[in-house]
Amino acid sequence: MEGLVTTEQVLKITSRQKELNFKTGTSFGYCNTGYMPLAEAVKRISGQSFSDFAQATIFESLRMTNTLFYEYFHEVLINNRAYSYKKINGQS
């Protein structure tokens, strides 16, 4: 479990940020930190985990039968999972 970050840790860290990293419109920096507070808001409002909420309200209604959010990816074996990739030395 080394390296796992909890929702509580992310909320604590992000709540201490007092200003932006750069002036709006001057730069771009990708960060997916916002997904954890979003998932926590969904959980508190709906009473469901983010993955259960998405499954029931998004994926099922759109018949997305092979799509899911998983909360504990280190514990789940997912059939037909597609991984991202990157080129190394120009090779895929």
*asked:* Taking salt bridge (charged side-chain N to carboxylate O under 4.0 Å, His left out) as the definition, give me every residue that meets it alongside Glu40, ordered by chain and number, with sequence neighbours left out.
replied: Arg44
For [X], side chain to side chain contact (heavy atoms under 4.5 Å, CB included) partners two or more places apart:
| X | result |
| --- | --- |
| Arg16 | Lys12, Ile13 |
| Leu62 | Ile58, Met64 |
| Phe28 | Tyr30 |
| Thr6 | Glu8, Gln9 |

List in chain and number order the residues that pass side chain to side chain donor-acceptor pair (under 3.5 Å) with [X], two or more places apart in sequence or in another chain; answer none if no residue qualifies.
| X | answer |
| --- | --- |
| Thr33 | none |
| Thr65 | none |
| Ser46 | none |

*Please report the shortest heavy-atom distance between Val10 and Met36, naming the atom on each side.*
CG2-SD, 3.2 Å
*Pairwise ring pair (Phe, Tyr, Trp, His ring centres under 6.0 Å) hits with a residue in residues 32-65, at least two apart*: Phe50-Phe69, Phe59-Phe69
_Pairs where residues 50-67 contributes a residue and the test salt bridge (charged side-chain N to carboxylate O under 4.0 Å, His left out) is met, not counting sequence neighbours_ = none
*salt bridge (charged side-chain N to carboxylate O under 4.0 Å, His left out) pairs, two or more places apart, involving residues 18-31*: none
*At what distance, to the nearest 0.5 angstrom, does CD of Gln55 lie from OG1 of Thr67?*
8.5 Å
